[in-house]
Amino acid sequence: MAPRGLGALQRGDRSCTVAGRSDATLNRGGVRLGTAEFYRVVEELPDVDDSLVVHLEDQAGGGPGELLLFVVPRAGGALDDALRGGIAAALRGALSPRHVPDAITAVPVVPRNRTGKKLELPAKKVLLGAAPAEVVDRDTLTDPTALDTFVALAALRPAHHSPVR
């Protein structure tokens, strides 16, 4: 296996299987932020089981948009102000102040496909008003209810945020 989990396996029939990782890149105020950076820091915290980060661009233009972090607290735990502060401090210390999200919200589950990939883009589109059926087939999710929380959160968002098309 090559560095950073990248590699290829050549089979006897001369076909290849390529293994690797790909993470989304968020653009916050002109600064590129890799989602894997967030996950490495946040998911090392003992009170967080899983997380998902999305950036919602400023639809009116000119602003930095919103950086939103969704966390699954450890079993029996809760997302309170102390944990929010701990997450913000960990991100600021390990990465940069630009990595500190505008909001940190608890979710029961992070949407993933059957191979375990976090579904950042479908979650983002749902938050911006798209119907889940327009962005992902629920049968491909490890938990078909995983986007329900994002639908509920989208209903609470200000009306000036229009769906991504």
Side-chain angles (χ1 to χ4, degrees), residues 5 18-43 45 47-75 77-81 83-84 87-88 90-92 95-165:
V18 178
R21 66 171 192 79
S22 174
D23 63 317
T25 302
L26 310 176
N27 186 337
R28 185 174 201 202
V31 176
R32 294 169 54 95
L33 311 173
T35 58
E37 297 173 311
F38 285 90
Y39 303 144
R40 179 182 48 80
V41 173
V42 173
E43 293 170 18
L45 298 173
D47 293 327
V48 176
D49 281 343
D50 205 357
S51 63
L52 182 85
V53 64
V54 299
H55 181 254
L56 304 181
E57 291 80 11
D58 179 14
Q59 298 296 314
E66 292 178 274
L67 186 62
L68 307 176
L69 178 64
F70 302 93
V71 299
V72 178
R74 71 170 159 72
L79 178 62
D80 56 15
D81 288 341
L83 181 53
R84 280 186 181 92
I87 291 169
L91 288 167
R92 185 179 296 107
L95 301 173
S96 79
R98 289 221 184 227
H99 286 80
V100 176
D102 296 307
I104 304 172
T105 305
V107 294
V109 64
V110 167
R112 294 177 180 271
N113 67 16
R114 290 186 184 170
T115 64
K117 182 182 184 310
K118 294 182 185 198
L119 299 179
E120 295 140 339
L121 188 56
K124 174 181 176 173
K125 288 182 177 183
V126 167
L127 286 168
L128 291 172
E134 293 176 10
V135 298
V136 69
D137 179 354
R138 284 187 189 248
D139 291 338
T140 65
L141 300 176
T142 56
D143 180 341
T145 67
L147 287 173
D148 293 349
T149 301
F150 294 88
V151 171
L153 291 169
L156 301 174
R157 295 193 50 76
H160 70 274
H161 291 282
S162 61
V164 171
R165 297 284 178 208

Going by an N to O cut-off under 4.0 Å, is there a salt bridge joining [X] and [Y]?
X    : Y    : answer
D148 : R138 : yes
K124 : E57  : yes
R74  : D49  : no
E66  : R157 : yes

As an exercise, state the distance from [atom1] of [X] to [atom2] of [Y], rounded to the nearest 0.5 Å.
X    : Y   : atom1 : atom2 : answer
L83  : L45 : CG    : CG    : 7.0 Å
L91  : L33 : CG    : CG    : 10.5 Å
T105 : L68 : OG1   : CG    : 7.0 Å

If you look at every heavy atom in [X] and [Y], which pair is closest and at what distance?
X    : Y    : answer
P111 : A146 : CA-CB, 3.6 Å
V126 : A154 : O-CB, 3.2 Å
A123 : L52  : CB-CD2, 3.6 Å

Between L141 and R112, does a side-chain contact (heavy atoms from CB on, under 4.5 Å) hold up when you go through it step by step? CA-CA 6 Å; L141 300 176; R112 294 177 180 271; over 6 Å; no
Would you call [X] and [Y] a side-chain contact if the rule is heavy atoms closer than 4.5 Å?
X    : Y    : answer
P108 : T149 : yes
V71  : D50  : no
V72  : V110 : yes
S51  : K118 : yes
F70  : I104 : no

Just do the side-chain contact (heavy atoms from CB on, under 4.5 Å) check on L147 and V136 with the steps written out, would you? CA-CA 10 Å; L147 287 173; V136 69; 3.4 Å; yes
With sequence neighbours left out, what residues match D139 under salt bridge (Lys or Arg N to Asp or Glu O under 4.0 Å)? none
Can you tell me how the ring of F38 sits relative to the ring of H99, calling it parallel under 30°, perpendicular over 60° and tilted otherwise? tilted
Determine, stepwise, if the pair L69 / I87 fulfils side-chain contact (heavy atoms from CB on, under 4.5 Å). CA-CA 10 Å; L69 178 64; I87 291 169; 3.6 Å; yes
Are the side chain of E37 and the backbone of G34 linked by a donor-acceptor contact shorter than 3.5 Å?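 Flag set: sc E37 to bb G34 pair under 3.5 Å.
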Run T142 and N113 through side-chain contact (heavy atoms from CB on, under 4.5 Å) and show every step you take. CA-CA 6 Å; T142 56; N113 67 16; over 6 Å; no
Can you spot which of L121, L128, L127 makes a side-chain contact (heavy atoms from CB on, under 4.5 Å) with V54? L127
